[in-house]
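None of these values were measured; they are calculated from a predicted model.
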Amino acid sequence: MKTSILSKAIYYYKILIIILSLVILATPQYTIFGKIGFIIVGLGGILCLWDLFSNRTFLKAKRMIWLILFLISFAITVVLNYKINLNLNVMSFAYSTVALILLYPNNSGSKEEVVKEMFHLNNVLLGMTAIMSTIGFVMFITLFEYRYNYAEGQDYIVGWSSSGNRLFGLYSNPGLMLTAIAIAFTFIQIEVSKHIYVDKTPRYFKIFIGYSLVINYICLLLENAKGAYISLAVFFAFYLFTKFRVKGLKDNLTTIKNWGRGILLGVLSTILLFSSIYVVRLGLPYIPKAYYYVESLITGENPEIAEKYDNVDIERGEIPDEYGSLTGRPQIWERGMEEFCKKPIFGWGPLSFNTIKVFEAPLRHLHNFIVESLAGVGIVGSFFIFFFLISALVELLRKSFSRKFADDKYSNVIYTCIAMLIMFAVNSMAEVTILYMTRLSVFLFWLYLGYTITLLDDGKPSRFDKPLLKLYNLLNRKKEIKTVNEE
């Protein structure tokens, strides 16, 4: 009974995380809304302790030994650097613990239950992002813009940025690729829904999915984040490559034909995506103009407002020359490696770099997961987390490329999730998307990595899993003996 209650509590906690994380992204940091993070960490901590003293599900998770060693190393890093941004690094450690110990392990039960849970969580995510993107699109149409300074050198923008020529909408940073994530999850939901609506897909669901795809795609183009474009292109390339490769296996195509078709479709999807981005963006500036034209017919013309709408430009503002290539990221990475060389073993703590200024702006992170790990948690922590991620990715790709995978009931869900995970990994080469930060992408990455591994699980533990499985069985056996004695 306790396990059932805990599983339900974790399920509702996952829904709460999606909602609260989006609320955080819709507010500036260092405001009262930033305190929402404490709610996420506090409730997550309670559930982690509950699991520790009851079911201990995390001990059964694949490769958990490496994540536990990583968290131990991370804790040592925080202690060694207690004089440097202690509060921020403790919060980063707490968020990471919730993601790795609570969200990554499978608390849902069977594969069927996992798919059902994915369906409900996807609906929450797509519903929230569709609402926020709709509001953002209305802000673009009306050219609504509001900004205020919430920290030194940091402006918070709501709506359309006339100086940067890009849409912020309700998101504090358009570079967080929330719209790209929503598009990827729309395709995941399409594949998941095939296992929910077996006979016939309801019309309202089709409308919901279609609207989510269109509104997030439009806002993606208005946000003008090239990293999001590239990440989404990678998602579609892998998604279509694997989809048609699996179809080819079922149709008994030769290996050369099968791989050739998959690669060709992956390349064509990239060309088509960037072509559509170019073409659709040509027409977007006319939308606010059409809005003003209709408004002027009702209220009369206003010369000042007319000039504002006549000069709508959605080409991103010029980047300063000193930034160089990749919006100044190479300079940030170089500075990060300098910090790594000063403390190579355990690092400084992943959120210890906001006192460093590059181009006169304080850094919140180092815009690269590898550099952030090396400088933040040092060689020791980086080894554990890199080994886990690389081995997990290799296993996912190895299993998904096998002939047996083509006949798997959930193969369509699995390869779409893998495409999404690869999209996150690619984006992490220019951002810090999958760990350390208080971002929705961190929770989604670890949650869906756990789902994907569960759906691909063949029930055979690796040699790295056996020590924790023995501990799990030992602790549960003692628990059963204690229960019997009490009775």
Side-chain angles (χ1 to χ4, degrees), residues 10 13-27 29 34 36-45 47-48 58 61 66-67 70-71 74 78 88-105 118 121-122 124-125 128-129 171-173 175-182 184-185 188 227-228 231 349-351 353 364-373 376-377 381-382 384-386 388-389 392-393 417 420-453:
I10 294 175
Y13 177 71
K14 292 171 182 176
I15 294 176
L16 185 65
I17 274 186
I18 292 174
I19 295 171
L20 293 184
S21 296
L22 283 169
V23 171
I24 289 176
L25 289 174
T27 58
Q29 297 295 318
I36 291 174
F38 289 104
I39 299 175
I40 295 175
V41 168
L43 291 176
L47 292 173
C48 282
F58 70 96
W66 300 107
L67 297 181
F70 166 73
L71 289 173
F74 194 163
V78 173
L88 288 177
N89 282 319
V90 168
M91 282 295 287
S92 177
F93 174 79
Y95 267 91
S96 299
T97 301
V98 169
L100 305 187
I101 300 298
L102 190 63
L103 300 184
Y104 167 66
M118 290 173 67
L121 294 181
N122 291 347
V124 174
L125 174 65
M128 288 283 291
T129 52
Y171 299 127
S172 55
N173 182 354
L176 296 177
M177 73 166 195
L178 263 297
T179 48
I181 289 174
F185 271 82
I188 292 176
S231 301
L351 297 185
F353 308 113
R364 189 167 177 233
H365 57 81
L366 299 174
H367 285 277
N368 180 284
F369 175 69
I370 296 174
V371 176
E372 186 79 32
S373 295
V377 296
S382 296
F384 294 135
I385 196 64
F386 290 169
F388 171 86
L389 290 170
L393 179 62
C417 286
M420 179 270 296
L421 295 171
I422 293 174
M423 178 184 84
F424 276 29
V426 169
N427 188 259
S428 284
M429 295 302 99
E431 293 288 338
V432 181
T433 310
I434 61 176
L435 201 59
Y436 307 122
M437 307 297 292
T438 56
R439 290 179 173 176
L440 176 63
S441 60
V442 172
F443 297 123
L444 291 176
F445 177 84
W446 289 99
L447 179 59
Y448 280 78
L449 176 60
Y451 286 153
T452 309
I453 289 176

Give a yes or no answer on whether the side chain of [X] reaches the backbone of [Y] with a donor-acceptor pair at less than 3.5 Å.
{"X": "Tyr13", "Y": "Ile40", "result": "yes"}
{"X": "Thr433", "Y": "Ser441", "result": "no"}
{"X": "Ser96", "Y": "Ser92", "result": "yes"}
{"X": "Asn368", "Y": "Met429", "result": "yes"}
{"X": "Trp446", "Y": "Pro105", "result": "no"}
{"X": "Ser373", "Y": "Ser382", "result": "no"}

Out of curiosity, [X] [atom1] to [Y] [atom2], how far, rounded to the nearest 0.5 Å?
{"X": "Ile15", "Y": "Met128", "atom1": "CD1", "atom2": "CE", "value": "12.0 Å"}
{"X": "Ile17", "Y": "Tyr95", "atom1": "CD1", "atom2": "OH", "value": "8.5 Å"}
{"X": "Ile434", "Y": "Leu421", "atom1": "CD1", "atom2": "CG", "value": "9.5 Å"}
{"X": "Ile188", "Y": "Tyr451", "atom1": "CD1", "atom2": "OH", "value": "11.5 Å"}
{"X": "Leu389", "Y": "Leu435", "atom1": "CG", "atom2": "CG", "value": "8.0 Å"}
{"X": "Phe38", "Y": "Thr438", "atom1": "CZ", "atom2": "OG1", "value": "10.5 Å"}

Do [X] and [Y] have side-chain heavy atoms sitting under 4.5 Å apart?
{"X": "Tyr171", "Y": "Thr129", "answer": "yes"}
{"X": "Leu447", "Y": "Leu121", "answer": "yes"}
{"X": "Tyr448", "Y": "Met118", "answer": "yes"}
{"X": "Phe445", "Y": "Asn427", "answer": "no"}
{"X": "Phe70", "Y": "Val377", "answer": "yes"}
{"X": "Met437", "Y": "Glu431", "answer": "no"}
{"X": "Leu449", "Y": "Phe424", "answer": "no"}
{"X": "Phe386", "Y": "Ile370", "answer": "yes"}

Heavy-atom pair with the smallest gap, counting every atom of [X] and [Y]:
{"X": "Ile18", "Y": "Leu440", "result": "CA-CD1, 3.9 Å"}
{"X": "Phe353", "Y": "Gly376", "result": "CZ-N, 4.1 Å"}
{"X": "Cys48", "Y": "Val98", "result": "SG-CA, 4.5 Å"}
{"X": "Ala99", "Y": "Val442", "result": "CB-CG1, 4.3 Å"}
{"X": "His365", "Y": "Arg439", "result": "NE2-NH2, 3.2 Å"}
{"X": "Ala180", "Y": "Met423", "result": "O-CE, 4.2 Å"}

Discussion item. Over 60° means perpendicular and under 30° means parallel, so tell me whether Phe74 and Tyr436 are parallel, tilted or perpendicular.
Written reply: perpendicular
